[in-house]
Amino acid sequence: MMNCKQATRLMSEELDRPLKWQERVSLATHNSMCVYCRNYRKHMAFMREAARRYREGLTEQQD
Amino acid sequence: MNDARSTGDDIDWNDPSIASIRRDMLRFAQMQLRDAGSAEDMVQEALLAAMTSEQAFAGRSALKTWMFAILRNKIVDHIRRHAREISRSQLSAQDDDEGEGEDGLDMIFNRKMMWSSGHWNHEDGPDTWSDPDEALSQKQFWTIFDACVNHLPEKLARIYMMREMLELETDEICRELGISTNNCWVILHRARTGLRACLEDNWFKGDAR
């Protein structure tokens, strides 16, 4: 059974490479029982969006 | 549509809003390069390229995004030219201090143990963030975001920014810096986990907003 450290590692890697089928299954199983890791994944998506805005210079209220 | 669309020729380069874009560009370049001289050069080159272009814009934010795209390309070229020096001078020296073991993650932000036996400690487990989209439009959020990225150990910040802000593929980052793919993923995992914890502590649970 995958632990949180391993799950977060996969949730980081899925931003860099496609996960294998087995990895996706293990991660989904872990996350179905772990609210912290479900939150972690949402936060990763948020941070990616923040980085995109940062990169595009959109770090202030839009005019 | 109005007549505000402009070409490179009639952008007013002395306009205060251009000065503020330039200031933001400089901040961005300094964060990526950690070298004031090179950052200044990159911004100058980007501005020069922008001034001589014929590109048309629908408003200030479109102009800014376009200027940032030019700047990003200049910075990527610079990093590609200087990758060997960067990796020698700023990255390798720190390898050993931070510890390459998985447990290096635990030490980020002076948290003794973020995990015990591989599971989140209750006080460190990711919380629900209220209204994250709203954060993105708050100036103060970006100040904290900057501070959190800068607070990461240098190597983590560098590689995180190469991946997320300069949008390089991990393969290229590893190759340029001469580190293994696995090491690259370990570093990105640490950087993201550290940044996440910092944003949670200082923005989502903090007093800043």
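Only a predicted model underlies this, so the values are computations on that prediction, with no experimental measurement involved. Proteins get letters first, then strands, A, B, ... in listed order; numbering begins at 1 in each.
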Next item on the list: Inspect the contact between E172(B) and R80(B) and indicate whether a charged nitrogen and a carboxylate oxygen are less than 4.0 angstrom apart.
Entry: yes
Note to self: With side-chain hydrogen bond (donor to acceptor under 3.5 Å, both in side chains) as the test, pick out the partner of E14(A) among R24(A), R9(A), R41(A).
What the structure shows: R41(A)
Check: Going through the distances and angles, do K64(B) and D24(B) end up as a salt bridge (charged side-chain N to carboxylate O under 4.0 Å, His left out)?
Finding: CA-CA 9 Å; K64(B) 189 175 182 185; D24(B) 288 350; 2.7 Å; yes
Note to self: Less than 4.5 Å to any heavy atom of chain B: does that hold for the side chain of R17(A), its backbone, both, or neither?
What the structure shows: side chain
Check: Is it the side chain or the backbone of T128(B) that comes within 4.5 Å of chain A heavy atoms, both, or neither?
Finding: both
Notebook entry, point to check: Does any heavy atom of chain A fall under 4.5 Å from the side chain of I21(B), the backbone, both, or neither of them?
Noted result: neither
Next item on the list: Could you tell me which portion of M67(B) (side chain, backbone, both or neither) has an atom closer than 4.5 angstrom to a non-hydrogen atom of chain A?
Entry: neither
Item checked: Close side-chain approach of I144(B) and C148(B), heavy atoms under 4.5 Å -> yes
Notebook entry, point to check: Under a 4.5 Å heavy-atom cutoff, which of H43(A), M44(A), E49(A), K42(A) has the most pairs with chain B?
Noted result: H43(A)
Notebook entry, point to check: So, R72(B) and D77(B), do they make that salt bridge, N to O below 4.0 Å?
Noted result: no
Check: What part of D127(B) lies closer than 4.5 angstrom to a heavy atom of chain A: side chain, backbone, both or neither?
Finding: backbone
Note to self: Taking side chain as everything from C-beta outward and backbone as N, CA, C, O, which of these in W142(B) sits under 4.5 Å from a heavy atom of chain A? Side chain, backbone, both or neither.
What the structure shows: side chain
